[in-house]
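Nothing here was measured: the structure is a model prediction, and the numbers come from that model. A note on names: the letters A, B, ... follow the listed sequences, proteins ahead of strands, and every chain is numbered from 1. Note: hydrogens, waters and symmetry copies are ignored here, and every other heavy atom, side chains too, is used.
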Amino acid sequence: MTPANHVVILDFETTGLSPDNGDRAIEIGAVKMVDGKIVDSFQQLMNPGRRVNSFIENYTGISNQMLLNADNCETVMADFADFIGDFNLVAHNASFDKKFLDAEFQRINHCYNGKFACSLLLSRRIHQDAPNHKLGTLVDYHQLPTDGVFHRALADATMTGYLWQHQLETIEQLSKKAPLSFEQILTITAMPKAKVASYLANL
DNA sequence: TGCCAGGCCCTCTTTAGGGCCTT
């Protein structure tokens, strides 16, 4: 069993929505959580080899000028592979970050076999009362720590880390069981919403 | 030239459509 509070929480900023359409990562941010505490962090801009459009510059605050002198994606992703080691991973809307992680790792022939959990899928199951499940909304809704920066990789990864810890505490209170395993969380995110309550009650 | 993501999840569903999320 792998503890659910022993993970790397990550967030990519990218040139667009799909690596299948040629989009690349421009920033990776991550925090390492051990026993529910953030013990390390990683943040690097990376030069995607082409200009980013004005929407992305405005959305992220990452300008083409900032990317000019950044290391290329391959260099940064090799360092990031060392950072995550064999930790399991968490991201908010993980399907998005996973496809960029897989695409960038494939470019450097790095094989990663850890598991990936999604804080958005978890929120839909255990906080159905939330107004919506955007990261910024959940940070406000749960009154989580924030420095007011959004859409930068380390800031978003850090907020997702606090969200993840809050979600684990919620599940522990509902199930009266602790510690939780990463596999149990994956089970919850894969089940229909209607079955979550009874699953937690019998955990 | 024109087009351009995709998985999740709900419902007026499953022979489908559309909103939610991520950049």
Side-chain angles (χ1 to χ4, degrees), chain A residues 7-31 42-67 70 72-73 76-77 80 84 89-107 115-142 144 146 149-164 166-167 185-199:
Chain A
V7 292
V8 166
I9 301 105
L10 64 92
D11 183 70
F12 277 106
E13 305 305 317
T14 70
T15 64
L17 290 172
S18 174
D20 292 337
N21 279 356
D23 288 318
R24 299 293 304 274
I26 60 174
E27 186 181 44
I28 177 70
V31 293
F42 185 99
Q43 181 178 33
Q44 285 288 314
L45 291 170
M46 50 190 128
N47 189 332
R50 58 183 176 84
R51 292 182 61 83
V52 300
N53 63 39
S54 58
F55 172 82
I56 295 298
E57 283 190 314
N58 293 328
Y59 186 77
T60 65
I62 299 170
S63 68
N64 283 288
Q65 183 67 33
M66 292 166 67
L67 296 173
N72 62 32
C73 298
V76 173
M77 291 307 297
F80 187 62
I84 63 177
L89 304 177
V90 174
H92 197 66
N93 199 14
S95 65
F96 175 86
D97 293 281
K98 185 178 188 305
K99 64 186 179 182
F100 276 95
L101 185 75
D102 289 346
E104 295 294 347
F105 273 171
Q106 186 170 22
R107 288 172 176 268
K115 301 183 186 71
F116 220 136
C118 179
S119 56
L120 186 153
L121 295 183
L122 190 55
S123 181
R124 284 176 174 164
R125 282 161 178 79
I126 66 172
H127 286 120
Q128 298 181 28
D129 52 331
N132 61 57
H133 301 281
K134 295 177 184 177
L135 179 59
T137 299
L138 296 175
V139 168
D140 288 341
Y141 186 66
H142 299 303
L144 302 174
T146 174
V149 175
F150 291 90
H151 307 308
R152 285 299 300 269
L154 181 57
D156 283 5
T158 303
M159 289 185 289
T160 304
Y162 290 132
L163 173 64
W164 181 252
H166 179 78
Q167 292 174 320
I185 303 299
L186 289 178
T187 299
I188 293 170
T189 59
M191 70 173 49
K193 289 181 185 178
K195 294 188 175 179
V196 172
S198 62
Y199 174 81

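Using a 4.0 Å heavy-atom criterion, one finds that T15(A) contacts no nucleic acid atom at all. Looking at heavy-atom distances under 4.0 Å, D156(A) makes contact with sugar-phosphate atoms alone, never a base. Nucleic acid contact for D11(A): sugar-phosphate only, since backbone atoms but no base atoms lie under 4.0 Å from a heavy atom of the residue. Here K193(A) lies in heavy-atom contact (under 4.0 Å) with sugar-phosphate atoms only. Counting non-hydrogen atoms under 4.0 angstrom, F55(A) reaches a base of the nucleic acid. Looking at heavy-atom distances under 4.0 Å, R152(A) makes no contact with the nucleic acid at all.
Remark: C1' of dC8(B) and CG of L17(A) are 16 Å apart, rounded to the nearest angstrom. The distance between atom CG of D97(A) and atom P of dG6(B), rounded to the nearest whole Å, is 16 Å. Across the protein-nucleic acid pair, F12(A) atom CZ and dT23(B) atom C1' stand 12 Å apart, rounded to whole Å. Put simply, CG on L121(A) is 18 Å from P on dG6(B), counting in whole angstrom units. Rounded to an integer number of Å, the gap from E57(A) CD to dT23(B) C1' is 14 Å. Atom CG of N53(A) is separated from atom P of dC4(B) by 17 Å (rounded to the nearest Å). When the P atom of dG7(B) is taken as reference, atom CG of D102(A) falls 12 Å away, rounded to whole Å. For I26(A) and dT22(B), the CD1 to C1' distance is 14 Å, given to the nearest whole Å.
Here N72(A) pairs with T75(A) under the side-chain hydrogen bond (donor to acceptor under 3.5 Å, both in side chains) rule; sequence neighbours left out.
dT23(B) and dG7(B): their C1' atoms are spaced 16 Å apart (whole Å). Atom name C1', nucleotides dC4(B) and dT11(B): the rounded distance is 28 Å, in whole Å. dC12(B) and dA16(B) have their C1' atoms separated by 11 Å, with the value rounded to a whole Å. Taking atom C1' in both dG2(B) and dT14(B), one finds a spacing of 33 Å when rounded to whole Å. Rounded to a whole angstrom, the distance from the C1' atom of dG6(B) to that of dT1(B) is 25 Å. The separation of dT13(B) from dA5(B), taken at their P atoms, amounts to 27 Å, rounded to a whole angstrom.
Residue S18(A) is the one, among R125(A) and S18(A), whose nearest nucleotide of DNA chain B lies closer to the 5' end (criterion: closest heavy atom). Both G16(A) and M191(A) lie near DNA chain B, and the one whose nearest nucleotide falls closer to the 5' end is M191(A).
Checked against the 6.0 Å centroid criterion, the rings of H142(A) and H127(A) qualify as a close aromatic pair.
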Expected rows: protein N/O vs nucleotides 18-21 of chain B N/O, under 3.5 Å:
residue : atom : partner : partner atom : Å
dC21(B) : OP1  : H133(A) : N            : 2.6
dC21(B) : O2   : N93(A)  : ND2          : 3.0

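For D23(A) and S18(A), the side-chain atoms include no donor-acceptor pair closer than 3.5 Å. H133(A) and S123(A) form a side-chain donor-acceptor contact under 3.5 Å, judged by distance and modelled atom types alone. A donor-acceptor pair shorter than 3.5 Å cannot be found between the side chains of H151(A) and T60(A). Using modelled atom types, one finds no donor on one side chain facing an acceptor on the other under 3.5 Å when comparing Q44(A) with E27(A). Judged by distance alone, the side chains of R124(A) and T189(A) never bring a donor and an acceptor atom under 3.5 Å apart.
Using a 4.0 Å cut-off between charged side-chain N and carboxylate O, R152(A) and D156(A) make no salt bridge.
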